[in-house]
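Data first, discussion second: the structure below is written as structure tokens.
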Amino acid sequence: MRIVGYVYEEPSYPSYPSYRFQPNDSFEDEPPLLEELGINFDHIWQKTLTVLNPWKPADGSIMNETDLTGPTMFCFALGSMLLLAGKIHFGYVYTMSILGCLGIHALLNLMSITGVSHGCVASVLGYCLLPMVILSCFAILFSLRGIAGSVLAAGVIGWCSFSASKIFITTLAMEGQQLLVAYPCALLYGLFALLTVF
């Protein structure tokens, strides 16, 4: 038997740069934290006003952003208002939001020529949840189980679905398909209204 020589080589490890604070580094060159996180309060305010005034034309460039700060706040506000009304439905609110976003996303990708991202759908549906938050504020003070509550809930469902469908057709250039988009949105917001009323 013949043994061939064995050469031992040191394993090479990647070198990681170490950061050392230099005295001439300044924090003035750093962008603000909210800008780094992608939170723009001006766009949040514009999207909120677009939902509150459904007759206002939607700006497609702002609505196409995947801003989830406002929708998360509105989902939390809806759950909190329901909690103040004596209904612990946080799990239902978040589960219906996720499943509704997935369903509307699949539907919009089938209907539109240009695709739409999950974040855009979640952003639009979450912002359009704001009238439902207003309805849940009424549910704290009044019982919505009568005829007046049903009429108010139907009006809020129409408001939410009209706003969402208007934003979707503006963002995705789906002219003449607003009623086709509004119907599944109304079904989704109807589930939130059932949580609020009952």
Side-chain angles (χ1 to χ4, degrees), residues 27-28 30-85 89-105 107-109 112 114-140 155-174 178 181-182 184-186 188-193 195-196:
F27 292 108
E28 287 85 27
E30 294 289 322
L33 178 63
L34 292 177
E35 184 179 320
E36 282 188 34
L37 294 175
I39 299 172
N40 189 342
F41 286 111
D42 184 47
H43 288 180
I44 293 172
W45 181 247
Q46 288 178 359
K47 290 178 184 180
T48 304
L49 289 179
T50 301
V51 171
L52 289 176
N53 184 6
W55 307 113
K56 177 184 174 187
D59 185 8
S61 63
I62 292 176
M63 292 301 170
N64 205 11
E65 293 178 357
T66 56
D67 166 37
L68 297 178
T69 306
T72 305
M73 290 185 335
F74 293 148
C75 282
F76 183 75
L78 178 63
S80 300
M81 293 300 116
L82 291 175
L83 182 65
L84 289 175
H89 293 316
F90 279 102
Y92 291 128
V93 169
Y94 287 118
T95 303
M96 286 189 328
S97 298
I98 291 170
L99 294 177
C101 287
L102 291 175
I104 298 291
H105 174 263
L107 185 70
L108 288 176
N109 275 332
S112 69
T114 62
V116 62
S117 67
H118 289 288
C120 179
V121 172
S123 178
V124 171
L125 290 177
Y127 274 106
C128 293
L129 198 61
L130 181 59
M132 200 60 65
V133 174
I134 296 170
L135 179 68
S136 65
C137 291
F138 282 115
I140 296 173
V156 168
I157 292 169
W159 183 4
C160 291
S161 61
F162 180 74
S163 295
S165 63
K166 179 192 62 151
I167 293 170
F168 280 134
I169 64 164
T170 303
T171 304
L172 300 175
M174 299 170 58
Q178 185 168 4
V181 176
C185 292
L188 175 64
Y189 291 120
L191 293 175
F192 288 111
L195 278 181
T196 304

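- Looking only at side-chain heavy atoms (C-beta outward), Trp45 and Leu49 come within less than 4.5 Å of each other.
- Ser117 contributes atom OG, which lies 11.0 Å from atom CD of Glu65 (distance to the nearest 0.5 angstrom).
- Taken from OH in Tyr94 to CG in Leu99, the straight-line distance is 15.0 Å, to the nearest 0.5 Å.
- Shown here is Tyr92, whose OH atom has no more than 12 heavy atoms of other residues, nucleotides or ligands within 6.0 Å.
- Annotation: the span from Thr170 atom OG1 to Lys166 atom NZ amounts to 6.5 Å, rounded to 0.5 Å.
- Screening residues 69-79 for side chain to side chain donor-acceptor pair (under 3.5 Å) gives Asp67-Thr69 as the qualifying pairs, with residues at least two apart or on separate chains.
- Residues Val133 and Ala77 approach most closely at CG1-CB, 4.0 Å, considering heavy atoms.
- With rounding to the nearest 0.5 Å, the separation of CG in Leu82 from CG in Leu135 is 9.0 Å.
- Looking only at side-chain heavy atoms (C-beta outward), Ile39 and Ile44 come within less than 4.5 Å of each other.
- The side chain to side chain contact (heavy atoms under 4.5 Å, CB included) check on Ser165 picks up Gln178, Val181, Ala182, with sequence neighbours excluded.
- Going from atom CD1 of Ile157 over to atom CG of Leu188 covers 10.5 Å, rounded to the nearest 0.5 Å.
- Contact annotation: the side chain of Ser123 never approaches that of Thr66 to less than 4.5 Å [non-hydrogen atoms, C-beta and beyond].
- In this structure, the side chain of Lys56 does not engage the main chain of Val51 through any donor-acceptor pair within 3.5 Å.
- The minimum heavy-atom distance linking Ala122 with Leu68 is given by the pair CB-CD2, 3.8 Å.
- Annotation: side chain of Ser163 is not in contact with side chain of Thr50 (no heavy-atom distance under 4.5 Å).
- Remark: the backbone N or O of Phe168 is not paired with any side-chain donor or acceptor of Thr171 at under 3.5 angstrom.
- Interatomic distance, CZ of Phe162 versus SG of Cys185, reported as 12.0 Å (0.5 Å rounding).
- With sequence neighbours excluded, the residues forming a side chain to side chain contact (heavy atoms under 4.5 Å, CB included) with Leu52 are Thr48, Leu130, Ile134, Trp159, listed by chain and number.
- For Phe90, the CZ atom sits in a packed shell: over 12 heavy atoms of surrounding residues, nucleotides or ligands are nearer than 6.0 Å.
- Judged by distance alone, the side chain of Tyr189 and the main-chain N or O of Leu125 form a donor-acceptor pair under 3.5 Å.
- Taking 4.5 Å as the limit, every side-chain heavy atom of Cys160 sits out of range of all side-chain heavy atoms of Leu129.
- Nearest heavy atoms, Ile104 versus Pro184: CD1-CB, 3.8 Å.
- Leu195 is listed as a side-chain neighbour of Met96, based on a closest heavy-atom distance under 4.5 Å.
- Under the rule for a side chain to side chain contact (heavy atoms under 4.5 Å, CB included), the partners of Ser97 that lie at least two apart in sequence or sit in another chain are Cys75, Val93, Phe192.
- Contacts of Asp42 classified as side-chain hydrogen bond (donor to acceptor under 3.5 Å, both in side chains), with partners at least two apart in sequence or in another chain: Gln46.
- Applying the side chain to side chain contact (heavy atoms under 4.5 Å, CB included) criterion to Leu172, with sequence neighbours excluded, gives Leu108, Ser112, Thr114, Val116, Met174.
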